[in-house]
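Report on the following structure.
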Amino acid sequence: MQCTACGASYDSEAYTCDACGHAVTVVDGYPAFAPELAHGGGGYESKLFAELAPLEEKSFWFRARNELILWALRRYRPDVSSFLEIGCGTGFVLSGIAAQHPTARLYGSEIFVDGLSFAGARVPSARLMQMDARAIPMREEIDVIGAFDVLEHIEEDVDVLREMHGALKRGGLLVISVPQHRWLWSPADDHAHHVRRYTAGELRDKISGAGFEVLKSTSFVSILLPMMVLSRLRMRGRTDDYDPIDEMRMPGWLNAVLYRVMRAENALIRWGLRFPLGGSRLVVARKVTQGADEPPG
Ligand SMILES: [Zn+2]
């Protein structure tokens with residue numbers, strides 16, 4: 001951890017600075033690095049996560065996305081010893097990583113402290129904290145940082161990428177997913193408080209600009225894109241009654257069919273196919289430090 005008072009580095013477990021004695025504020029039982037923002041959600045997240053948590057394990061979208069993330073870890077950093085998820089939500093991704101990498105030290109963060117209890121219940125081994133991704137209190141400590149459908153919520157996404165770069169060890173891995181294609185913008189994005197949907201080039205430029213080398217960049221939710229476009233078109237013009245949870249409640253048979261389609265797509269991605277179009281984009285990138293003792297790339 002990096003002390004927010006004096007900037008010194010200290011042991012991650014203690015949350016108290018050895019150099020100046022500054023102790024991290026605790027909010028609702030969690031270390032809080034940006035306590036002034038901890039209750040900014042006004043309970044909204046807590047309510048949303050309570051509804052979301054039981055649906056995620058069944059949802060074709062969350063399951064398929066988890067499988068893609070877990071593949072990326074197996075493929076690019078099978079020996080991960082520390083993993084930080086920014087915006088860990090209910091801990092569904094962390095639980096998958098805990099199962100696949102039982103010896104890795106897992107960290108999860110949320111800006112609103114309300115969300116953390118769900119992740120804590122699901123992944124008791126994870127070290128959870130409240131923090132602002134624009135000021136990550138870690139320096140060269142982490143093997144892999146993940147942020148899954150998080151960057152599109154943050155105006156200062158470039159600052160967040162730079163902070164992730166600083167928190168990663170030399171050669172550390174970044175795994176990111178975001179919603180893609182500006183033309184797919186719909187009331188669902190408004191409702192989710194998205195700041196943007198990305199283009200492939202924009203995301204690549206921002207990640208490269210923050211000091212990373214992109215190892216893999218692919219669309220996903222590509223085969224289902226036509227269905228997604230139809231659903232979004234149907235939604236246009238009705239901004240009032242949109243409920244994101246509603247969209248996840250679908251007949252079991254349909255969810256099962258969509259899951260099989262997504263699994264087939266994941267297999268194609270694993271074989272090296274890169275879809276040009278898709279509702280989302282996955283990027284895997286490696287920290288490259290342009291230091292004197294280290295050649296770039
Ligand atoms: Zn200090």
What do the steps show when you test S217 against R281 for side chain to side chain donor-acceptor pair (under 3.5 Å), and what is the final call?
CA-CA 7 Å; S217 177; R281 177 161 291 271; 2.7 Å; yes
Before giving the answer on side-chain contact (heavy atoms from CB on, under 4.5 Å), spell out for K169 and S81 the whole-Å C-alpha distance, their side-chain angles and the decisive distance to 0.1 Å.
CA-CA 11 Å; K169 288 180 190 164; S81 68; 3.9 Å; yes
Set out, in order, the CA-CA distance, both residues' side-chain angles and the distance that settles side-chain contact (heavy atoms from CB on, under 4.5 Å) for R170 and K287, then state yes or no.
CA-CA 6 Å; R170 177 181 295 201; K287 172 173 175 170; 5.6 Å; no
What verdict does the side-chain contact (heavy atoms from CB on, under 4.5 Å) test give for V24 and T4, after you've listed the backbone C-alpha separation in whole Å, the side-chain angles of each residue and the deciding distance to 0.1 Å?
CA-CA 8 Å; V24 173; T4 49; 5.7 Å; no
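Here the shortest heavy-atom pairing between A285 and I207 reads CB-CG2, 3.8 Å.
Atom CZ of R196 has more than 12 heavy atoms from other residues, nucleotides or ligands within 6.0 Å. By the neighbour-count criterion of 12 heavy atoms within 6.0 Å, atom CZ of R274 is sparsely surrounded, having that number or fewer from other residues, nucleotides or ligands. Within a 6.0 Å sphere centred on CD of E36, other residues, nucleotides and ligands contribute more than 12 heavy atoms. For K58, the NZ atom counts as loosely surrounded, since its 6.0 Å shell holds 12 or fewer non-hydrogen atoms of other residues, nucleotides or ligands. Around CH2 of W183, the count of heavy atoms belonging to other residues, nucleotides or ligands within 6.0 Å exceeds 12. Heavy atoms from other residues, nucleotides or ligands lying under 6.0 Å from CZ of R139 number more than 12.
Of the inter-residue distances, the one linking L84 atom CG with L168 atom CG reads 8.5 Å to the nearest 0.5 angstrom. Here CD of Q2 is found 10.0 Å from SG of C17. Values are rounded to the nearest 0.5 Å. Between E56 atom CD and E51 atom CD the span is 12.0 Å, to the nearest 0.5 Å. Note that CZ of R134 and CD1 of I86 are 12.5 Å apart. Values are rounded to the nearest 0.5 Å. From E85, atom CD reaches atom CG of L128 across 10.0 Å, with rounding to the nearest 0.5 Å. Here Y107 contributes atom OH and C88 contributes atom SG; the two are 14.0 Å apart, rounded to the nearest 0.5 Å.
In this structure, the side chain of Q180 engages the main chain of G278 through a donor-acceptor pair within 3.5 Å. S208 places no side-chain N or O within 3.5 Å of a backbone atom of D205 that could act as its donor or acceptor partner. Although no hydrogens or angles enter the test, the distance criterion places a donor-acceptor pair under 3.5 Å between the side chain of S219 and the main chain of P276. Judged purely by atom type and a 3.5 angstrom limit, E110 uses its side chain to pair as donor or acceptor with the backbone of G89. Side-chain atoms of R77 do not come within 3.5 Å of backbone N or O of V144 as any donor-acceptor pair. No donor-acceptor pair under 3.5 Å is formed between the side chain of S222 and the backbone N or O of F275. Between the K206 side chain and the V158 main chain, no donor and acceptor come within less than 3.5 Å of each other. In terms of modelled atom types and a separation under 3.5 Å, the side chain of Q130 and the main chain of V27 share no donor-acceptor contact. Without hydrogens or angle criteria, D143 side chain to V80 main chain gives no donor-acceptor distance under 3.5 Å. A distance-only check finds no donor-acceptor pair linking the side chain of D28 to the backbone of D114 [under 3.5 Å].
By the criterion of side-chain heavy atoms lying less than 4.5 angstrom apart, applied directly or through intervening Ile, Leu, Val, Met, Phe, Trp or Tyr residues, F148 is grouped together with Y259 in one hydrophobic cluster. The same ILVMFWY cluster, assembled from side-chain heavy atoms under 4.5 Å apart, contains both L273 and L215. Criterion: ILVMFWY side-chain heavy atoms under 4.5 Å apart, direct or through other members. Under it, F220 and L277 are part of a common hydrophobic cluster. In the hydrophobic clustering of this structure, M227 groups with L268; members are Ile, Leu, Val, Met, Phe, Trp, Tyr whose side-chain heavy atoms approach within less than 4.5 Å, directly or through other members. L230 and M262 are members of different hydrophobic clusters when ILVMFWY side chains are connected at heavy-atom separations under 4.5 Å.
Ring-centre distance between H193 and H153: not below the 6.0 Å cut-off. For F112 and H39, the ring centers sit 6.0 Å or farther from each other.
Salt bridge status for R270 with E265: absent, with no side-chain N to carboxylate O gap under 4.0 Å. A salt bridge is defined here as a Lys NZ or Arg NE, NH1 or NH2 lying under 4.0 Å from an Asp or Glu carboxylate O, and R197 with E152 fails to meet this definition.
For the residue pair S82/E141, the side-chain donor-acceptor check at 3.5 Å is not satisfied.
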